[in-house]
Amino acid sequence: MIDLKKVSITDLKGVGDSRKEALNELGIESVYDLITYFPFRYDDYRLTDLQEAEHEEKVTVQGVLFSEPSVRWFGKKKSKMTVRLDIEGVAISASWFNQAYLKSKMQQGQTIVVSGKWDRHKLHITVDRTFMSPQEQQTQVGRLEPVYSISSRVKMNYLRKLIHEAFMQYKDEIVEVLPGYICEQYRLRPRAQAMYDLHFPQDQKHLYQARRRMIYEELLLYELKIMWLKKINRTEYQGLSHTFSRTQLDEFIQKLTFPLTGAQQRVVEEILTDLQSPTQMNRLLQGDVGSGKTVVAGIALYANFLSGYQGAMMVPTEILADQHYASLCALLEPYGLQIVKLTGNMKVKEKREVLGKIQMGMADIIVGTHALIQEKVIYRQLGLVITDEQHRFGVKQRAQLREKGEVPDVLFMTATPIPRTLAITVFGEMDVSTIDEMPAGREPIDTYWVKKDMWSRIVSFIAKECEKGRQAYVICPLIEESEKLDLQNAHDVFEQLTTSLAPIRVGLLHGRMTAIEKEEVMGCFEQNEVQVLVSTTVVEVGVNVPNATVMVIYDADRFGLAQLHQLRGRVGRGGGTSTCVLVADPKSESGNERMRVMTETTDGFEISRRDLEFRGPGDFLGVQQSGLPQFKVADLTRDFKILEIARTDASTIVADDRFSESKEMKRLWEYLHAENLIEKNFD
Ligand code: ADP
Ligand code: MG
């Protein structure tokens, strides 16, 4: 057997250096790349029954020419040619634009096939494709024709021929990777056949079967990879077994100012079980904004402390570091824990002091930005790392810590509720805990969508709320093309509000202020010295000021649903009714739709489901950081059912001890090898 991934396309007839280069530009290097360069759609050249065709539908018909073609010229280049066709006794007309050269090839009495747009009223076809010769008609009509993405250097017909050629030459080298029992169980086409049919399907049925087979294969292989990672994680990555006094921990939980919600209790148990087990924890904690993840983190950190280890909380921004530092101090200092903060922009002297404390074990909990895992930081004994609002504390970061001899348990927290579809795929190698219940007594947030010309009424509404002692956020979007404009936008709103709201105090927060300036403004807002905070999106993540009850989002249609939901979650935290006002004159239908979704529901999971629907999975998570696999045939939103089946099958296979030896599984095993998973080499 030849490995087609290693056979260069230059091994195909007629592919020389320049063709090779052109194909490389499309990402096609090996014969394998070529045969898996699947069409993105198919043009349908099956014959149509005109009786049933709709007006303006695309049709393909066979007919006999019964008039001389007549050509009209418009200037030198433009022309329109018309003929009359007899289609099973019905006379219709057909016309071609700018293809007058066809005239010489046409003879009365000749049978031709044309494809184009049908005008039912005029009994007329505007032709865009003609099949003149019987040979063309025989080989091309009645088929689904593959359409590929091409370039100026690689033409459609050439690519079709080349792919066909590749199959003729190498079809027998395409190996089956799926074990026989699976193919039988789901009646899946053999791999080579399915691949061929995806390019050149005889009919819709063949296409459907080919797709089904390839989607399953893609998803099974992907799930196998994930499951294998998980298994390695479990068996090879020995972590720390935390041991702590449960009584002491329960006492701590009991003394919280509120009882935990059922969901919080459940996820706490899941996390504690992970802490106690010798396997390194790799867990995702997801919960809507305001669902109370911080206190769960606090409990985990306390258990970690009781076990004698240091803990770290890693966050993406300085503001968030401040917030978490403050809430963890409030929560844990009474129990004698030493908490320090470590961020990138601290003064050298201050930083040195903190680093010293960490190294000597005088710091029990370190809150900070990515500075936390940099080389200079020497931990005493790191038992738990929690990351907030960062999708991935990647393999790399973990490897970095391992090199320093640290094998902490890792907990990822995110407020972007990820629909199950994606969670089990993207975060498949992690365990997932979900807080799906809000603390009691939360008032719903009334959400309104208003046009910009209502601005003065919004201003008076803000004034009224502030007079009642409440506070408000006014968010202005980041406009990507122009940083200046953002600031202008926020500045304008700030100045306008300062004037019209006086003596109510207004603050301004934006991304290009220094950390100290930001801290100062945030501090004033937290202390209610400033009642209205005008801000670009820096408040997006994690900020907690319970007294704020108004969230105004200016140009709201510039935000995505997830972001809008996050922003809205900044209010409704202190009891009492809160209000979110979306100010927008959307120019697009999708903008309108997003505003509608926001006014219809406050459920983060529902919003995220709708968001996924709008955007598709790649966009949903942001392609770079998503770690989403690039599937060739499968589509995670569409093929979720197959994904679940593949997932179950993959876990059965990985759990089977004979996986590595069984002859039937040999190909699958080799696949995992080829992906370097078995060597544990994932950096
Ligand atoms: P998030 O999940 O967005 O990080 P937080 O942890 O910031 O949410 O919690 C939001 C607010 O809810 C905080 O003020 C917190 O003290 C409060 N809270 C958390 N859990 C409960 C609970 N079980 N009962 C009442 N209030 C709670
Ligand atoms: Mg939070």
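Any value given below was found using the heavy atoms of this structure, including those in side chains, with hydrogens, waters and symmetry copies removed. Whatever order the structure lists them in is the order used to number ligands and atoms, beginning at 1.
Taking distance alone, with nitrogen or oxygen atoms compared against 3.5 Å, Gly290 approaches ligand 1 more closely than that limit. Backbone and side-chain nitrogen or oxygen atoms of Gly292 are examined, and one is located within less than 3.5 angstrom of a nitrogen or oxygen of ligand 1.
For Asp288, every heavy-atom contact with ligand 1 shorter than 4.0 Å involves the backbone, none the side chain. Under 4.0 Å from ligand 1, heavy atoms of Thr261 appear from its side chain as well as its backbone. Contact annotation for Met413 and ligand 1: no heavy atom of the residue comes within less than 4.0 Å of the ligand. Looking at Pro259 against ligand 1, only its backbone comes within 4.0 Å, counting heavy atoms.
Between Phe494 and His491, the ring planes are perpendicular. Angles over 60° get that label, and only those under 30° would be called parallel.
For the pair Ser291 and ligand 1, a heavy-atom separation below 4.0 Å is found.
A search for salt bridge (Lys or Arg N to Asp or Glu O under 4.0 Å) contacts involving Glu526 returns nothing, not counting sequence neighbours.
Ion pairing between Lys452 and Asp555 holds under the 4.0 Å rule for side-chain N and carboxylate O. At a threshold of 4.0 Å, the pair Lys464-Glu467 does not count as salt-bridged, since none of the basic side-chain nitrogens sits closer than that to a carboxylate oxygen.
Put simply, the residue from Leu301, Ile386, Asn304, Leu384 that forms a side-chain contact (heavy atoms from CB on, under 4.5 Å) with Ile365 is Leu301.
Heavy-atom neighbours of Lys357 NZ from other residues, nucleotides or ligands within 6.0 Å: at or below the threshold of 12.
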